[in-house]
Number of protein chains: 2
Amino acid sequence: MLDKDEVKEAIVSVARHIFSRFGFRKTTMDEIAIASRKGKSSIYYYFASKEEIFQAVVEKEAEIFKQELIKATNPNDTPAQKLKTHVLVRMRSMEKLANFYSAIKDDFLGHLDFIEKIRKKYDQEEIQMMESILVEGVENGMFEIDDTSLAAIAIVTALKGMEIPLFWGVEEKDLESRLDHLIHILFHGVMKH
Amino acid sequence: MLDKDEVKEAIVSVARHIFSRFGFRKTTMDEIAIASRKGKSSIYYYFASKEEIFQAVVEKEAEIFKQELIKATNPNDTPAQKLKTHVLVRMRSMEKLANFYSAIKDDFLGHLDFIEKIRKKYDQEEIQMMESILVEGVENGMFEIDDTSLAAIAIVTALKGMEIPLFWGVEEKDLESRLDHLIHILFHGVMKH
DNA sequence: ATTTATTTCGACTAATTTCGTCGAATAGTC
DNA sequence: GACTATTCGACGAAATTAGTCGAAATAAAT
């Protein structure tokens, strides 16, 4: 017999696909069921509601996002290299998510409070990652920062600011050059001279 | 005051955009209204129903398609050139429509009989265009065809067959080579030797 | 084999969404 | 001011959809 979790995984994967195309509101349970080759009631055997499926999808996206950041981190890199890699990988991963987020951006999702929770949790984790890079840089004398905690928050916040144009379809070239600028500014504002 | 037809045009244009993204079923009148910066009732002032808007969109697509074929026709070309141009322009225009058709392909549109009517009308017109090319070719001795009417139907039918892979996402390279083959076959089966 | 637990599904209902209507309000014209 | 053209909010009817329930089917356990 197939493991229950595997079935759930499969449903989430199918649902992610449909949510990416039609957003939350326009995606129906019947569509998810049919695409999963199941009856609608069978879907409810695994998930209590449409929101619960959506939550699983969002959590999976967030987890993949985090893993990509971790995977890209080479422990042997200098802190400066780590910082640059982090920024670049972050944007590349975000681009992959852009479809998904632009599909759901018109749905009113304010009533789904788990989204805010997930966002905060992963925010926190990314800030931790960033801070440990900064701390390492300070320790080996490469960076010069008074309050690494505040600096980490500031940098992550700045990076998040750069997501926004992704979802509103700003020209990519413009985006790349902005990214270069940001990296440049980060480095020359942060490197010991 | 703005002309009534201009407002209708604007609504059709907005609607085309939304239909392309969500298909017929998932597109709501409210969305069309909001995107047109109007109340929903105002839309009904110009169109009697959602179907009527959709019909206008389909007719516009068909008309643009036809105009592109006409525009691409250079009267000074040889019939052989005209035939080749027709085939190429047809596929290029079809590619532009592929989004629209793949968006609505999952909706059950069998109950909208005007679609069939429009299709038939433009079918007829394209066959006429094709036949006049063939006739011209026969008259100046370039082509050798017994029944140009039947031949025109056969060729247009073959071309329509090549639309299908467009909507199901076959590899483009494969498509291009198929197109080359078709043109090649058409010519060497049709040119007087 | 029989019982028990797991999984699927069709049919149904309640809640929501959406179409389309109507009458009133607003703006533009004579 | 009267008259027409246009917009809109509120509403009911119809359709769609989320979620339930019990029964059927399938697999596991005894």
Side-chain angles (χ1 to χ4, degrees), chain A residues 1-19 21-58 103-115, chain B residues 1-19 21-58 103-115:
Chain A
M1 193 192 308
L2 212 52
D3 195 312
K4 207 163 175 175
D5 284 337
E6 288 182 48
V7 178
K8 289 184 83 170
E9 275 283 333
I11 293 172
V12 167
S13 167
V14 164
R16 192 186 63 89
H17 202 234
I18 306 179
F19 281 135
R21 173 139 171 64
F22 294 119
F24 180 77
R25 221 186 62 241
K26 280 181 191 283
T27 297
T28 70
M29 291 297 271
D30 265 311
E31 285 171 324
I32 295 174
I34 289 169
S36 304
R37 298 163 194 275
K38 291 208 181 318
K40 187 176 59 164
S41 320
S42 304
I43 304 296
Y44 279 98
Y45 178 71
Y46 294 97
F47 293 92
S49 66
K50 187 165 134 181
E51 290 190 10
E52 200 174 296
I53 299 180
F54 189 69
Q55 172 164 2
V57 169
V58 171
I104 64 171
K105 76 167 186 296
D106 291 328
D107 300 328
F108 255 138
L109 261 24
H111 58 109
L112 303 185
D113 48 350
F114 68 83
I115 289 186
Chain B
M1 194 191 308
L2 213 51
D3 194 311
K4 207 164 176 174
D5 284 337
E6 287 181 49
V7 178
K8 289 184 82 170
E9 276 284 332
I11 292 172
V12 168
S13 167
V14 164
R16 191 186 63 89
H17 201 235
I18 306 180
F19 281 135
R21 174 139 170 63
F22 294 118
F24 180 77
R25 221 185 62 238
K26 279 181 191 283
T27 297
T28 71
M29 292 297 272
D30 265 310
E31 285 170 325
I32 295 174
I34 290 168
S36 303
R37 299 163 193 277
K38 291 208 181 320
K40 188 176 57 166
S41 319
S42 305
I43 304 296
Y44 279 99
Y45 179 72
Y46 294 97
F47 294 92
S49 66
K50 186 165 131 180
E51 290 190 9
E52 200 174 296
I53 298 180
F54 189 69
Q55 172 163 1
V57 168
V58 172
I104 64 172
K105 75 168 186 296
D106 291 328
D107 300 329
F108 253 140
L109 263 22
H111 58 109
L112 303 184
D113 47 350
F114 68 83
I115 288 185

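Hydrogens, waters and symmetry mates are skipped; everything else that's a heavy atom, side chains included, is used. Numbers restart at 1 for each chain; the letters A, B, ... are given by sequence-line order, proteins then strands.
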Report yes if the side chains of Phe54(B) and Leu109(B) come closer than 4.5 Å at any heavy-atom pair, otherwise no.
-> yes
May I have the distance from Ile32(B) (atom CD1) to dT18(C) (atom P), rounded to whole angstrom?
-> 12 Å
More than 12 non-hydrogen atoms from neighbouring residues, nucleotides or ligands closer than 6.0 Å to CZ on Arg21(B), yes or no?
-> yes
Between dT6(D) (P) and Ile11(B) (CD1): distance, integer Å | 11 Å
Given protein heavy atoms under 4.0 Å, the one-letter contact record of nucleotides 8-20 of chain D, with B base, S sugar-phosphate only and - none, is simply BBB------SBBB
Tyr46(A) vs dT7(C): side-chain N/O to OP1/OP2 distance below 4.0 Å | no
Across the strands shown, which category fits Phe47(A) at heavy-atom distances under 4.0 angstrom: base, sugar-phosphate, nothing?
-> nothing
Would you indicate, yes or no, if dT7(C) has its OP1 or OP2 atom less than 4.0 angstrom from a side-chain nitrogen or oxygen of Tyr45(A)?
-> yes
Tell me the salt bridge (charged side-chain N to carboxylate O under 4.0 Å, His left out) pairs involving residues 31-47 of chain A, sequence neighbours left out?
-> Glu31(A)-Arg25(B), Glu31(A)-Lys26(B)
Nearest-Å distance, CG (Asp3(B)) to C1' (dT6(D))?
-> 13 Å
Between dT17(C) (P) and Asp107(A) (CG): distance, integer Å | 11 Å
Taking atom CD1 of Ile53(A) and atom CZ of Phe24(A), what is their separation to the nearest 0.5 Å?
-> 9.0 Å
So how far is it from Glu51(B) CD to Ile115(B) CD1, rounded to the nearest 0.5 Å?
-> 9.0 Å
Does Glu52(B) have any salt bridge (charged side-chain N to carboxylate O under 4.0 Å, His left out) partners at least two apart in sequence or in another chain, and if so, which?
-> none
